[in-house]
Amino acid sequence: MQCFPVRDVGISKYFRNFASPRRNDGGSIPTTLNQSFVMEKTNVKTLEKVVVRFSGDSGDGMQLAGNIFTNVSAGLGNQVSTFPDYPAEIRAPQGSLSGVSGFQVSVGTGVHTPGDACDVLIAMNAAALKTNHRFLKPGGVIIVDIDSFKESDLKKAQYITDNPIAELGIKAQVVDVPVTSMTKAALADSGLDNKSILKCRNIFALGLVCWLFDRPLESALRHLRNKFAKKPAVYEANAKVLQAGYDYGHNIHASVATYRIETDEPLPGVYTDINGNTATAWGLIMASEKCGRPLFLGSYPITPATDILHELAKRKDLGVKACQMEDEIAGVCSAIGAAFAGNLAVTSTSGPGLALKSEGIGLAVMAELPLVVIDVQRGGPSTGLPTKTEQTDLMQALYGRNGESPVAVVAPASPTDCFTMAFEACRIAVEHMTPVILLSDAFIGNGASAWRVPSADEYPEIKTPEVPAELIAEGSWRPYLRTESLARFWPKAGTEGAQHRLGGLEKDPATGAISTDAVNHEKMVGLRREKIARIATDIPGLEVLGNPSADTLLVGWGGTYGHLRTAVDELNAAGRPVAFTHFRYINPLPANTAEVFARYRRIIVAELNTGMFADYLQSRFPNINFLRINKIQGQPFAVSELVGRTAKLMEE
């Protein structure tokens, strides 16, 4: 992934392109010559943020085009938020409704979500138009590849008539662009075969969109160069097509609305866009550096978590050991073995894999080993909706093991927050010697946000509970001797005087020897429970945003943060006072949770499940009646539905 220093967007140059020209003597140029300039100026829309949705067949490269546009915008200092919307089918028939892939991105200032609806929709075929036109704002722009709207294409997409715009009732500015023909013409002398040429259609569309939003081609070319570094002929072809798309935009400038996007003054630094899975991997690497223990990942590929394994497998230069195991059970067991040996041990998965790892996690609870389990949640149960997002693994994370086996549970709030919470999961695991489950989800795992690359000194050292040298010298060290936080000491494998053996049977609280004594078992259950509870003193308290005088508190957790925060802003702007707090630490809850809840007459919990977090809170605060907003459709919240449902609960 390429990172860029923040630089000037070139807004003054943009205005010069659309300014009304004047003669040296101060008089206006005649209207007949100035007409095109007037039209261009009229068609410029200045927005704080703009939403673009790329859509096409799953093989049309919509994710690549969207990612490059996002990264270019992030490099300019824009805030970005993305929503890759993958089809569940691996090889759906080309041109069919079930094979459409989408990528939506919001770019500008005050961006917290990918947007409920888009200003510009790119539809690469008839099926993409049919499944995605509902996401377009009234008066928006649709750019279609008119070459992909032949009679056979309309039939595959199940149109009834030969006029898809009228049939769908679309009221928007529709721009017919011969993307396929123009791509073929641009690469007629490239020497590429027809199949390879057609793969460049997405980059033609990207060039057109870069013109539409005044994005510099230099940045896009840099990404293409990195993407196709080992295929120079493919890079040259895509670079040529990118320029062709950009030039085509200039040729139609008089008839298409263009957009000027506001930009905040960013903090100095190096910026890039980053998706949640990559941010998670990088946060783990930072934690490894800060605790002085090598990073080991033992995992089995599973959607939507596999990119974490892919990213860490590239980082041998940083001492990372990433092993693709034969199944989920082997993944967690290999990580437990690495933790025994003194490595910072991680295993990544999604909901079905978390179920398979449950017995292994129980062993880590009993052996009191630091282990980070990453669950990028998806729709369930069973295989469920592999490419869609939900928050339905919460109860499994909290209670999904046999016996009393408490673990810490944390949840990142955004793609960039995945870096921080992956670091935090490792810190808690190591400093408190416990398994920690990190509950990400498909929305933030695949989605991206603009991220300022942090410096190492922005994150604290992780205090690894090393075995005191004096205990080894005295020969008095035992595996279950503890620190003040109840964490046991963690010797590296092969440390002289600290050799030990631990298994899954109940332990003596001091020596770690096997004990089947009934009273001892109850004592150890309480000790493991208390160890997790004490983490509350080591995590930040809840912060409250929104209207400070509100008597209604909207509550969320995990990846719903951006939609909830935006909804709260809109409610307050409409004169409905609402406060907002968001949980990133689930077990234990932040120490000030009760104090925050006590301030409000009405508490509404919004989550992408049937009410798991609300039930969890209800069990801890039985005197509070938690109201609920729930959605289980494999899709993130829409801000509009949150606003409407919150307002309705406030009225009731």
Distance check, rounded to the nearest 0.5 Å: [X] atom [atom1] versus [Y] atom [atom2]?
X: Leu206; Y: Leu64; atom1: CG; atom2: CG; value: 8.0 Å
X: Leu438; Y: Ile374; atom1: CG; atom2: CD1; value: 5.5 Å
X: Ile122; Y: Asp60; atom1: CD1; atom2: CG; value: 12.5 Å
X: Leu154; Y: Thr161; atom1: CG; atom2: OG1; value: 8.0 Å
X: Leu198; Y: Cys200; atom1: CG; atom2: SG; value: 8.5 Å
X: Gln635; Y: Phe83; atom1: CD; atom2: CZ; value: 4.0 Å

Look at the side chain of [X] and the backbone N and O of [Y], then say whether any donor-acceptor pair between them is shorter than 3.5 Å.
X: Gln377; Y: Ser440; result: yes
X: Ser350; Y: Val376; result: yes
X: Asp307; Y: Asn277; result: no
X: Asp85; Y: Gly102; result: no
X: Arg215; Y: Phe213; result: yes

Compute both the distance and the angle, then confirm whether Arg53 meets the cation-pi test with Phe135: under 6.0 Å from the six-membered ring centre, within 45 degrees of the axis. yes
Charged tip of Lys130 within 45° of Tyr159 ring normal and under 6.0 Å: yes
Stepwise side-chain hydrogen bond (donor to acceptor under 3.5 Å, both in side chains) test for Lys357 and Thr349: CA-CA 9 Å; Lys357 294 178 189 292; Thr349 190; 4.9 Å; no
Give the C-alpha distance, both sets of side-chain angles, the deciding distance and a yes or no for ring-ring contact (aromatic ring centres under 6.0 Å, His included) between Trp451 and Tyr271. CA-CA 6 Å; Trp451 185 56; Tyr271 283 76; 9.5 Å; no
Taking all non-hydrogen atoms of both residues, which atom of Cys118 and which atom of Leu136 are closest, and how far apart? O-CD1, 3.4 Å
Test salt bridge (Lys or Arg N to Asp or Glu O under 4.0 Å) applied to Glu236 and Lys240, step by step: CA-CA 6 Å; Glu236 292 297 336; Lys240 191 171 184 179; over 6 Å; no
Check this for me: does any side-chain nitrogen of one of Lys631 and Glu641 sit under 4.0 Å from a carboxylate oxygen of the other? yes
Mind jotting down which residue pairs meet the side-chain hydrogen bond (donor to acceptor under 3.5 Å, both in side chains) criterion with at least one end in residues 142-157? Sequence neighbours excluded, please. Asp145-Ser148, Asp145-Thr180, Asp145-Arg201, Asp147-Ser181, Ser148-Arg201
Report the C-alpha separation of His563 and Phe443 in whole Å, then their side-chain angles, then the decisive distance to 0.1 Å, and conclude whether the ring-ring contact (aromatic ring centres under 6.0 Å, His included) test is met. CA-CA 12 Å; His563 296 87; Phe443 172 67; 5.2 Å; yes
Can a side-chain donor-acceptor contact be found between Gln63 and Asn67 if the only test is distance below 3.5 angstrom? no
